[in-house]
A.B. asks: 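First the structure, which I've put down as structure tokens, then a few questions once you've had a look.
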Amino acid sequence: MKSILSGCIFLFVAALLQAAPGDSLVIPPLDQGRLSSAGVREYRLRADEGTRQFYPGAETPTLGYNGEYLGPTLKLLRGEAVSILVENALTEATTTHWHGAHLPAEADGGPHQVIAAGGRWRAEFTVDQPEATLWYHPHLIGTTAEQVYAGLAGMIIIEDPAVDYPVPAEYGTDDFPVVLQERRFERDGSFRYRPGMPDIMHGYAGNALLTNGGIEPVLEADTTLLRLRLLNGGNSTVLRLTLDAGISFYQIASDGGFLEGPVEMEAIVLSPGERAEVLLDLRSYRGREVRLEAETHLGDRYTAMVIKPAASLRANGSLPARLASIPEPGRGSGLSTRPFVMSTMGRGGRLTINGKTMNLRRIDERVELGTSEVWEVSTDRMMMSTPHSFHVHGLQFRILSINGAAPPPTLAGYKDTVLLWPGDTVRLLLEFTDYTGLYMYHCHMLEHEDAGMMGQYEVRES
Ligand code: C2O
Ligand code: CU
Ligand code: CU
């Protein structure tokens, strides 16, 4: 029933909105900041309203950072002090959260660091984590989903100047951000963001997939190796990504950095908030076409982008054998275990973790600085029909097990967000190092988060 219905709506919309096929992939500008005389690298973001033509002739009202939709890619260097000024030119409050970053609680940009309409906020911290692809987005209680949907999001690249990894790293040449976001358009071109109860529960389906804010864009590749930084920046649909033409992904990084070495994958599954960096070896595809396809957990299919390798390709390296060495996480034995049960069974349409719906005045969990713990996250068995995406602020964790089994190699590195299919239980290893303060954990299906599936943990001095 559902798929027939959304199928009809899709045809109806498609008849009125025609994408211009063949538009080039938009590469968000790379913002490397400006080094101040005090040695602090400074960045500036301004959240504002705008419009963009996703479909020719139809102006879509949007929100963006330093532009009409999405925001610049911020490049941060490990070891540097940074200062990011965020100006809020919106008519409502917002926050700007650095998803995946290890930083002091007051710089996290979560629901506590509210930026009033017309106000500004400065995040100051020292970059202290391995090279990785992170991202930023609003995080205000109750309006996160809506603000992200309208376009507020951007990528962050953390680079470690002390290590030279043998992978393509020329932004916009052989190293590309790929922000994937499922969206629903109205016939007039505006976004339709009106999730009903079933959408909140199971995921808000769309009728288009935006890739860096474009529909089925084309990426002209001219190197033998192509690095894509894939982000599921959508609200609440899990994406299963594949390549046609029988070509594989070589996954090289997960949320928090490089894997030990490339892992050959036929499909990459990303829940909202998750990232995967992949390499494509285009040598046998000269002059041909490779399509990146996406299927959502609700069954909708899209072409995310079309990669067109040139007839002659410049050699820019080969698949590395090893990338990083990642310490064995052990089995977590001897550590205290904290349960987290994600449930869609809350009262009045509210969703819960451990039977509680989000309350900013309540601290749900208290942990001690300098300790490690196992967090055992599971989904409510009464309502086993929706996936969840569990995310923790302030750190990168390790997955110890998924339903009792060791994680596959692509999930064995550093992670900050983990997909749970209905009925799943995952055991995570968390280490509370460096910073005290209040951080969030929540479901990254943004409709779930806004419906209360979030809690706060406090790291305290022991
Ligand atoms: Cu991507 Cu709590 O956030
Ligand atoms: Cu986050
Ligand atoms: Cu959820």
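We count residues from 1, following the sequence as given. Values below: every heavy atom of this structure, side chains too, minus hydrogens, waters and symmetry copies.
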A.B. asks: Mind checking what makes salt bridge (Lys or Arg N to Asp or Glu O under 4.0 Å) contact with Asp48, not counting sequence neighbours?
C.D. replies: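 Here the qualifying residues are Arg46.
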A.B. asks: Applying salt bridge (Lys or Arg N to Asp or Glu O under 4.0 Å), name anything that partners Arg275, two or more places apart in sequence or on another chain.
C.D. replies: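 Expected list: Asp255, Asp416.
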A.B. asks: Do Leu209 and Ile215 touch side chain to side chain, with heavy atoms closer than 4.5 Å?
C.D. replies: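 The answer is no; the side chains never approach within 4.5 Å.
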A.B. asks: Please determine which of Ile268, Leu219, Leu279 meets the side-chain contact (heavy atoms from CB on, under 4.5 Å) test together with Leu228.
C.D. replies: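 Exactly one pass, corresponding to Leu219.
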A.B. asks: Has the side chain of Thr386 got a donor or acceptor atom that lies under 3.5 Å from a matching backbone atom of Met201?
C.D. replies: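 Yes: the side chain of Thr386 pairs with the backbone of Met201.
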A.B. asks: Who passes ring pair (Phe, Tyr, Trp, His ring centres under 6.0 Å) against Tyr69, sequence neighbours left out?
C.D. replies: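 Residues passing ring pair (Phe, Tyr, Trp, His ring centres under 6.0 Å) with Tyr69: Phe54.
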A.B. asks: Do you see a donor-acceptor pair shorter than 3.5 Å between the side chains of His444 and Ser389?
C.D. replies: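 Distance-only check fails for His444 and Ser389.
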A.B. asks: Can we say Arg301 and Glu293 salt-bridge, meaning some charged N sits less than 4.0 Å from an Asp/Glu carboxylate O?
C.D. replies: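 Salt bridge between Arg301 and Glu293, a charged N being under 4.0 Å from a carboxylate O: no.
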A.B. asks: Ignoring hydrogens and geometry beyond distance, is a side-chain donor-acceptor pair present between Thr224 and Asp281 at under 3.5 Å?
C.D. replies: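 Side-chain D/A pair, Thr224 to Asp281: absent.
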A.B. asks: Between Arg227 and Asp174, does at least one N-O distance fall below 4.0 Å, as a salt bridge requires?
C.D. replies: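 Judged by the 4.0 Å cut-off on N to carboxylate O distance, Arg227 and Asp174 do not form a salt bridge.
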A.B. asks: Regarding Arg122 and Ser83, do their side chains bring together a donor and an acceptor under 3.5 Å, going by distance alone?
C.D. replies: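 Judged by distance alone, the side chains do pair up.
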A.B. asks: Report yes if some heavy atom in the side chain of Met445 is under 4.5 Å from a heavy atom in the side chain of Glu449; otherwise report no.
C.D. replies: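 The answer is no, as the side chains (C-beta and beyond) never meet within the 4.5 Å cut-off.
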A.B. asks: With sequence neighbours left out, what residues match Glu131 under salt bridge (Lys or Arg N to Asp or Glu O under 4.0 Å)?
C.D. replies: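 Glu131 satisfies salt bridge (Lys or Arg N to Asp or Glu O under 4.0 Å) with no residue once adjacent residues are dropped.
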A.B. asks: Identify all side-chain donor-acceptor contacts of residues 257-267 below 3.5 Å with residues at least two apart in sequence or on another chain.
C.D. replies:
unit_1, atom_1, unit_2, atom_2, d
Glu260, OE2, Ile326, N, 3.0
Glu264, OE2, Ser248, OG, 2.8

A.B. asks: Counting only pairs under 3.5 Å, give me each side-chain donor-acceptor contact of residues 231-247, with atom names and distances, residues two or more places apart or in other chains.
C.D. replies:
unit_1, atom_1, unit_2, atom_2, d
Asn232, OD1, Gly234, N, 3.0
Asn232, ND2, Thr237, O, 2.9
Asn232, ND2, Leu270, O, 2.8
Asn235, ND2, Ala145, O, 3.0
Asn235, ND2, Glu447, OE2, 2.9
Ser236, OG, Tyr204, N, 2.8
Ser236, OG, Glu447, OE1, 2.6
Thr237, OG1, Glu182, OE1, 2.8
Asp244, OD1, Arg291, N, 2.8

A.B. asks: Show me the donor-acceptor pairs within less than 3.5 Å that the side chains of residues 332-343 make with the rest of the protein, sequence neighbours left out.
C.D. replies:
unit_1, atom_1, unit_2, atom_2, d
Arg338, NE, Glu373, OE1, 2.6
Arg338, NH1, Glu365, OE1, 2.8
Arg338, NH2, Arg366, O, 2.8
Arg338, NH2, Glu373, OE2, 2.9
Ser343, OG, Met345, N, 3.0
Ser343, OG, Asp380, OD2, 2.6

A.B. asks: Is the Phe397 to Trp375 ring centre distance short of 6.0 Å?
C.D. replies: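 No: the rings miss the under 6.0 Å criterion.
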A.B. asks: Among residues at least two apart in sequence or on other chains, which ones pass salt bridge (Lys or Arg N to Asp or Glu O under 4.0 Å) with Arg361?
C.D. replies: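 For Arg361 there are no salt bridge (Lys or Arg N to Asp or Glu O under 4.0 Å) partners, ignoring immediate neighbours.
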A.B. asks: Under 3.5 Å, is there a donor-acceptor pair linking the side chains of His442 and His388?
C.D. replies: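 No, no side-chain donor-acceptor pair sits under 3.5 Å.
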A.B. asks: Measure the shortest side-chain to side-chain distance between Leu180 and Tyr302 over non-hydrogen atoms and say whether it is less than 4.5 angstrom.
C.D. replies: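 Contact flag for Leu180/Tyr302 side chains = no.
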A.B. asks: Holding to side-chain hydrogen bond (donor to acceptor under 3.5 Å, both in side chains), I want the full list of residues that pass it with Arg229, two or more places apart in sequence or in another chain.
C.D. replies: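 By the side-chain hydrogen bond (donor to acceptor under 3.5 Å, both in side chains) rule, Arg229 matches Thr133, Asp175, Glu277.
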A.B. asks: I'd like to know if the side chain of Tyr171 pairs up with that of Thr73 as donor and acceptor (distance under 3.5 Å, no hydrogens or angles considered).
C.D. replies: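 Looking only at side-chain atoms, Thr73 and Tyr171 do form a donor-acceptor pair, the distance falling under 3.5 Å.
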A.B. asks: Can you confirm whether Val82 sits close enough to Thr126 that some side-chain heavy atom of one is under 4.5 Å from a side-chain heavy atom of the other?
C.D. replies: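 Counting from C-beta outward, Val82 and Thr126 never come under 4.5 Å.
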A.B. asks: Would you give me the side-chain donor-acceptor pairs under 3.5 Å for residues 102-114, sequence neighbours excluded?
C.D. replies:
unit_1, atom_1, unit_2, atom_2, d
His102, ND1, Gly394, O, 2.8
His102, NE2, Asp434, OD2, 2.7
Asp108, OD1, His97, ND1, 3.3
Asp108, OD2, His393, ND1, 2.6
His112, NE2, Gln456, OE1, 2.6
Gln113, OE1, Gly109, N, 2.9
Gln113, OE1, Gly110, N, 2.9
Gln113, NE2, Ala105, O, 3.3

A.B. asks: Side chain of Asn88, backbone of Ala116: donor and acceptor closer than 3.5 Å?
C.D. replies: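 Indeed, once roles are kept as given, a pair shorter than 3.5 Å links the two residues.
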A.B. asks: So, Glu146 and Thr143: side-chain donor and acceptor under 3.5 Å apart, yes or no?
C.D. replies: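 Their side chains do not contain a donor-acceptor pair, so the 3.5 Å distance test is not met.
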A.B. asks: Name every donor-acceptor pair, under 3.5 Å, that has one atom in a side chain of residues 153-167 and the other anywhere in the protein, sequence neighbours excluded.
C.D. replies:
unit_1, atom_1, unit_2, atom_2, d
Glu159, OE1, Lys75, NZ, 2.9
Asp160, OD1, Ala162, N, 2.9
Asp160, OD2, Arg78, NH1, 3.2

A.B. asks: Mind checking what makes ring pair (Phe, Tyr, Trp, His ring centres under 6.0 Å) contact with Tyr136, not counting sequence neighbours?
C.D. replies: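 Residues passing ring pair (Phe, Tyr, Trp, His ring centres under 6.0 Å) with Tyr136: Tyr65, Trp98.
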A.B. asks: For the CH2 atom of Trp121 and the CG atom of Leu45, what is their distance to the nearest 0.5 Å?
C.D. replies: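 Atom-to-atom, Trp121:CH2 and Leu45:CG are 10.0 Å apart.
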